[in-house]
Amino acid sequence: RLYQTSTLALTPEEMAQAITDIIQQDLNLEFAAILHFEKNKSALIPLSLSGSKRLLQTLSEIGLTLRTVTINDVSKNVFLVQLLNSKSQHVTHVLNDIWGSAITKEQLLAIQNGSNLKTMLLSSLVIGKGILGVLILGFNRDYETLNTFEKESIKSFIVPISLLLYKSYL
């Protein structure tokens with residue numbers, strides 16, 4: 001379904017939402033999110049988030065919408081700097097690695113306890129030499145338990161996602 005997504009008349013936010021909806025549903029993830037990287041502001045700005053019923057319920061209970069949480073001062077976050085500098089993929093089990101500076105410790109703990117979130121895979125969305133953003137996939141199992149086919153499948157759709165998102169900005 002991802003390859004059938006058309007870029008015609010879609011804003012970057014609409015394109016990102018279409019992408020995360022497809023990925024979250026088809027891979028049965030806790031969540032999928034796309035954040036746009038604003039290099040001059042050193043910020044990751046959410047374009048979309050699609051989540052499981054359990055995660056969305058937890059977020060609602062604590063009065064939080066990750067769809068509106070900008071991660072500022074990315075240059076001060078060692079985990080995110082490594083991800084962006086390597087232009088590759090990184091795995092974490094710790095929400096704090098991503099949103100530690102953007103939401104409270106209580107909210108992080110509530111998300112961890114209230115959802116079935118086990119592992120997050122972050123992939124840089126690269127166009128040419130620049131970074132367009134980050135795709136975050138939240139798994140309800142440990143990333144290491146995915147088989148080789150599943151891992152390769154995920155890697156294979158990163159470039160098309162980057163291109164779809166890039167075209168939506170044109």
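What you are looking at is a predicted structure, and each value in this text was computed from that prediction instead of being measured.
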What is the distance from atom OG of S153 to atom CG of L27, rounded to the nearest 0.5 Å?
-> 7.0 Å

Grab the two heavy atoms, one from I98 and one from M120, that are nearest each other, plus how far apart they are.
-> CD1-SD, 3.7 Å

Heavy-atom pair of closest approach, residues A102 and V69 | CB-CG1, 3.5 Å

Salt bridge (charged side-chain N to carboxylate O under 4.0 Å, His left out) partners of residues 63-84, not counting sequence neighbours, each pair once | none

Is it possible for you to say whether L125 and M15 belong to one hydrophobic cluster, with membership spreading through side-chain heavy-atom contacts below 4.5 Å?
-> yes

Counting distance only, does the side-chain N/O of Q89 pair as donor-acceptor with the main-chain N or O of L122 below 3.5 Å?
-> no

Applying side chain to side chain contact (heavy atoms under 4.5 Å, CB included) to E144 and not counting sequence neighbours gives D142, K151

Taken to the nearest 0.5 Å, the spacing of Q57 CD from I62 CD1 works out to 11.0 Å

Linking I/L/V/M/F/W/Y whenever any side-chain heavy atoms sit under 4.5 Å apart, do I161 and I136 land together?
-> no

In sequence, state the C-alpha distance, the side-chain angles, and the governing distance for Q25 and S50, and then conclude on side-chain contact (heavy atoms from CB on, under 4.5 Å).
-> CA-CA 8 Å; Q25 292 168 10; S50 300; over 6 Å; no

Would you check if H36 and P12 make a side-chain contact, meaning some heavy-atom pair closer than 4.5 Å?
-> no

Is it true that a side-chain atom of S60 and a backbone atom of L56 form a donor plus acceptor pair closer than 3.5 Å?
-> no

Report yes if some heavy atom in the side chain of L95 is under 4.5 Å from a heavy atom in the side chain of I103; otherwise report no.
-> no

Would you list the pairs meeting ring pair (Phe, Tyr, Trp, His ring centres under 6.0 Å) in which at least one residue belongs to residues 38-67, sequence neighbours left out?
-> none

Closest approach of A16 and S48, non-hydrogen atoms and distance?
-> O-OG, 3.0 Å

Interatomic distance, N77 atom CG to S101 atom OG [nearest 0.5 angstrom] | 6.0 Å

Does I19 reach the side chain of F157, with side-chain heavy atoms less than 4.5 Å apart?
-> no

Check the hydrophobic clustering (I, L, V, M, F, W, Y; side-chain heavy atoms under 4.5 Å; chains of links allowed) and say if L66 and F79 are grouped together.
-> yes

Evaluate the side-chain contact (heavy atoms from CB on, under 4.5 Å) criterion for residues L83 and S124: first the C-alpha distance (whole Å), next the side-chain angles of each, then the deciding distance (0.1 Å), finally the verdict.
-> CA-CA 7 Å; L83 170 74; S124 297; 3.7 Å; yes

Rounding to 0.5 Å, atoms CD1 (I45) and CG (L35) come to a distance of 9.0 Å

Partner set under side chain to side chain contact (heavy atoms under 4.5 Å, CB included) for T68, not counting sequence neighbours | T65

Sequence neighbours excluded and cut-off under 3.5 Å, please list the side-chain donor-acceptor pairs for residues 106-115, or say none.
unit_1: Q107; atom_1: OE1; unit_2: T104; atom_2: N; d: 3.0
unit_1: Q107; atom_1: OE1; unit_2: T104; atom_2: OG1; d: 3.3
unit_1: Q112; atom_1: NE2; unit_2: L117; atom_2: O; d: 3.2
unit_1: N113; atom_1: ND2; unit_2: L109; atom_2: O; d: 3.4
unit_1: S115; atom_1: OG; unit_2: I111; atom_2: O; d: 2.7
unit_1: S115; atom_1: OG; unit_2: L117; atom_2: N; d: 3.3

With a 4.5 Å limit on heavy-atom distance, are the side chains of T70 and P46 in contact?
-> yes

What side chain to side chain donor-acceptor pair (under 3.5 Å) pairs are there with at least one residue in residues 90-99, not counting sequence neighbours?
-> T92-D97, H93-T119

By side chain to side chain contact (heavy atoms under 4.5 Å, CB included), which residues pair with T148, not counting sequence neighbours?
-> E152

L47 and Y166: same hydrophobic cluster, using ILVMFWY side-chain contacts below 4.5 Å?
-> yes

What residues form a side chain to side chain contact (heavy atoms under 4.5 Å, CB included) with V81, not counting sequence neighbours?
-> N85

Heavy atoms of S162 and L132 approach each other most closely as O-CD2, 3.7 Å

Ring pair (Phe, Tyr, Trp, His ring centres under 6.0 Å): pairs with one or both residues in residues 100-136, sequence neighbours excluded = none

Contacts satisfying salt bridge (charged side-chain N to carboxylate O under 4.0 Å, His left out) that involve residues 118-141 (not counting sequence neighbours) are R141-E150

Give the cluster check for I34 versus V159: same hydrophobic cluster or not, with ILVMFWY residues linked at side-chain heavy-atom distances below 4.5 Å.
-> yes

Only counting residues at least two apart or in another chain, list the ones meeting ring pair (Phe, Tyr, Trp, His ring centres under 6.0 Å) with Y143.
-> F139

Side chain of T20, backbone of Q17: donor and acceptor closer than 3.5 Å?
-> yes

Can you tell me how far the CG atom of L59 sits from the CG atom of L64, to the nearest 0.5 Å?
-> 5.5 Å

Can you tell me which residue pairs pass the salt bridge (charged side-chain N to carboxylate O under 4.0 Å, His left out) test with a partner in residues 40-57, sequence neighbours excluded?
-> none

Please report the C-alpha distance between L163 and I127 in whole Å, then the side-chain angles of each, then the deciding distance to 0.1 Å, and finally whether the side-chain contact (heavy atoms from CB on, under 4.5 Å) criterion is met.
-> CA-CA 7 Å; L163 291 172; I127 293 292; 4.0 Å; yes

Which heavy atom in S75 sits nearest to a heavy atom in S42, and how many Å separate them?
-> N-OG, 2.9 Å

At their closest point, which heavy atom of I131 faces which heavy atom of K87, and how far apart are they?
-> CD1-CG, 3.9 Å

